[in-house]
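A short worksheet on the structure shown next.
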Amino acid sequence: MSATVTRSEPAPPGAGVPRLPAAVVGVLAVAAAVGFGHLVAGVVSPASSPFLAVGDTVIRFSPRTLTEFAKTTFGVADKPILLAGMAVVIVAVAAGAGLASRRRSTPGVVVVAVLGVLALAAVVSAPVFAPADLVAPVVALVVGSAVFTGLHAIAVRSYRPVDPGARTDGGAGAGPSRRSVLIGSSAAVTVASLGAGAGGLLFSGVGDSRQRVTEQLARLRLVERAPAIPAGAAFPELGTPTFITPNRDFYRIDVALRVPAQRAQDWSMPIHGMVDNPFTLTFDDLLARPLVERTITMTCVSNPVGGDLISTANFVGVELRDLLLEAGVRPGADQVFTTSIDGWYTGTPTDVLLEPGRGALLAIGMNGEALPPEHGFPVRMVVPGLYGYVSATKWVVDMEVTTFDAAPGYWLERGWAQKAPIKVQSRIDTPRGFATVPAGRVTVAGIAWSQPTGISRVEVRMDGGPWRGAELSAEVGGDTWRMWRTEFELTPGSHTVQTRATDRNGVTQTEQRADPIPDGASGWPATIFTTA
Ligand SMILES: Nc1nc2c(c(=O)[nH]1)N[C@H]1C(S)=C(S)[C@@H](COP(=O)(O)O)O[C@H]1N2
Ligand SMILES: [Mo]
């Protein structure tokens with residue numbers, strides 16, 4: 001008996017642990033590391049989850065062609081697909097670690113440790129790093145190595161050929177019962193790892209914090225309320241969007257691998273750089289300031305002609321202009337550079353933010369609740385009239401007043417324009433492309449926008465005929481979209497309808513087709529449909 005026990009190192013006799021259990025030991029050890037790392041991150045610092053930090057790092061160092069490919073091929077599923085892909089790679093490496101350790105545990109422990117060190121490196125090199133972020137990856141490393149060593153020892157014992165001399169029970173092998181110990185411990189590790197991972201999601205406390213902010217917003221008196229949306233501001237019955245986009249339908253664009261989890265009570269943001277009076281805001285500071293509510297249509301520069309990366313909400317926040325005036329912007333500081341907790345950053349022209357009446361917000365509320373996590377909780381920027389990529393920093397945590405020469409924004413580095421005012425645009429929502437509709441009276445309807453100027457005319461033409469003015473919806477303001485509709489008498493056949501909008505400055509949407517990159521798509525939308 002004593003011989004079998006002390007023989008566990010350096011190598012058991014025979015082939016060692018069979019392949020399947022060996023691989024399972026590797027996978028479970030890494031799963032435990034990931035699960036417990038996630039749990040500890042949830043408690044200590046949600047941003048430091050080792051698995052997600054590795055994913056963020058992969059995105060950060062991916063070549064642009066790859067990220068563009070992922071975005072266009074998978075759309076919003078690109079991040080779940082990346083995480084799933086990472087999981088597959090990690091499971092494969094972990095299984096490999098197990099297989100390399102069928103006899104001795106050292107190769108596997110080394111592989112698990114290397115994974116742990118990679119996760120640690122990813123957390124340390126994250127754009128926003130605090131020493132507390134080290135705890136989760138260190139715990140992951142320790143748990144991973146410990147579970148590997150422990151399960152490996154059990155597995156080696158389970159599959160060691162039974163030494164006849166050691167039998168004390170008259171012939172029953174020790175293997176099978178030890179194997180049930182192995183299965184039991186594996187099951188326990190699986191349950192504990194899954195539980196830990198799920199616990200990590202709960203403990204971060206972001207849901208509670210959002211709930212609290214929503215309640216605070218309901219109690220606070222706003223100094224300015226968004227006027228009620230008039231009846232007739234939208235024609236959803238004709239296929240246009242509703243005027244206000246429900247939060248769950250609001251378009252979403254960001255490079256964050258997972259929604260950053262920060263509690264409002266942990267939020268703070270310095271306003272610094274080329275200012276006379278730098279200061280740092282907390283969330284309570286924002287709540288204590290005059291809060292205003294504004295109806296704003298946000299638009300993404302990546303929106304193709306006819307696309308749906310446009311939505312409208314009532315945003316609640318503090319006047320960004322007032323904050324900048326208090327900070328005292330120095331002459332020559334032409335860029336306000338903001339950074340998100342997930343490391344994304346952009347620059348907004350200072351003169352736009354200081355424009356009286358522009359109405360740029362440091363926003364904390366959206367459509368009667370705290371910002372949804374996907375839309376920037378706890379704090380984001382919203383600037384009427386600028387595409388999101390140069391103005392709408394979500395999860396904002398730093399605001400530096402600087403110059404355009406000093407620092408390029410994230411998308412500027414990837415070929416997009418430095419300044420990007422929104423182009424006057426229109427979109428046809430009805431009829432849908434390639435739809436078949438009854439011949440006779442055919443309704444054509446859609447939306448048009450030119451924030452912050454506002455739309456004064458939308459013209460429609462059928463089959464290349466003369467332009468005709470469409471009926472416009474009740475106007476809400478220059479910072480929002482405006483709906484339009486008209487009717488044509490059509491005979492059966494194939495038809496093409498086109499539109500062009502004109503804004504209150506008299507600028508008419510150009511026929512010139514342009515791709516979204518570098519500063520927004522242009523061209524007249526055209527919809528081909530059939531009447532029967
Ligand atoms: N932190 C962060 N903020 C961001 C982005 C991002 O990738 N990360 N994308 C910007 C872009 S390109 C757009 S169009 C808007 C979209 O905001 P939404 O997702 O709330 O609609 O957010 C902007 N703010
Ligand atoms: Mo965007």
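Side chains are part of it too, since the values below use all heavy atoms of this structure and drop only hydrogens, waters and symmetry mates. Both counts, for ligands and for their atoms, begin at 1 and track the order of listing.
Not one N or O on the side chain of Glu319 forms a donor-acceptor pair closer than 3.5 Å with the backbone of Val292. For Thr280 (side chain) and Met269 (main-chain N/O), no donor-acceptor pair under 3.5 Å exists by modelled atom type.
Of the heavy atoms in Tyr387, none comes closer than 4.0 Å to ligand 1. With a 4.0 Å heavy-atom cut-off, ligand 1 is reached by no atom of Thr346. Counting heavy atoms closer than 4.0 Å to ligand 1, residue Tyr410 contributes nothing at all.
Among protein heavy atoms, the minimum distance from atom 12 (S) of ligand 1 is reached at Tyr389 CB, 3.5 Å. Atom 24 (N) of ligand 1 has its closest protein heavy atom at Ala392 O, 2.9 Å. The protein atom (non-hydrogen) at minimum distance from atom 9 (N) of ligand 1 is Ile253 O, 3.3 Å. At the top of the distance list for atom 14 (S) of ligand 1, counting protein heavy atoms only, stands Tyr251 OH, 3.2 Å. Atom 2 (C) of ligand 1 has Trp344 CE3, 3.3 Å as its closest protein atom, hydrogens excluded (heavy atom only).
Checked against a 3.5 angstrom limit, the closest N/O atoms of Thr299 and ligand 1 fall outside it. The N/O atoms of Ser340, backbone and side chain alike, include one that comes under 3.5 Å of an N/O atom in ligand 1. An N or O contact shorter than 3.5 Å is missing between Cys300 and ligand 1 by distance. Residue-to-ligand polar distances place Val255 within reach of ligand 1: an N/O pair is separated by less than 3.5 Å.
Between Phe250 and His375, the two ring planes are perpendicular [angle over 60°; tilted spans 30° to 60°].
Near Asp342, with a cut-off below 4.0 Å to any heavy atom, the atoms of ligand 1 are 1 (N). Close contacts of ligand 1 with Phe250, meaning ligand atoms under 4.0 Å from a residue heavy atom, involve 21 (O).
The pair Asp519-Lys423 counts as a salt bridge, with a side-chain nitrogen and a carboxylate oxygen less than 4.0 angstrom apart.
Neither side chain, Glu400 nor Tyr345, offers a donor N or O lying under 3.5 Å from an acceptor on the other. Neither side chain, Thr339 nor Asp398, offers a donor N or O lying under 3.5 Å from an acceptor on the other.
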Please determine whether side-chain contact (heavy atoms from CB on, under 4.5 Å) holds for the pair Val390 and Val383, giving the CA-CA distance in whole Å, both sets of side-chain angles, and the decisive distance to 0.1 Å. CA-CA 9 Å; Val390 288; Val383 185; over 6 Å; no
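Of the candidates Lys394, Met298, His375, the one placing a heavy atom closest to atom 19 (O) of ligand 1 is Lys394.
Taking all atoms of both residues into account, the shortest heavy-atom contact from Ala526 to Thr496 is CB-CG2, 4.1 Å.
For the pair Arg485 and Phe235, the cation-pi test (distance below 6.0 Å, angle within 45°) is passed. With a 6.0 Å cutoff to the six-membered ring centre and a 45° limit on the axis angle, Arg414 counts as a cation-pi contact of Tyr410.
Judged by the shortest distance from any of its heavy atoms, Arg380 lies inside the 4.0 Å radius around the atoms of ligand 1.
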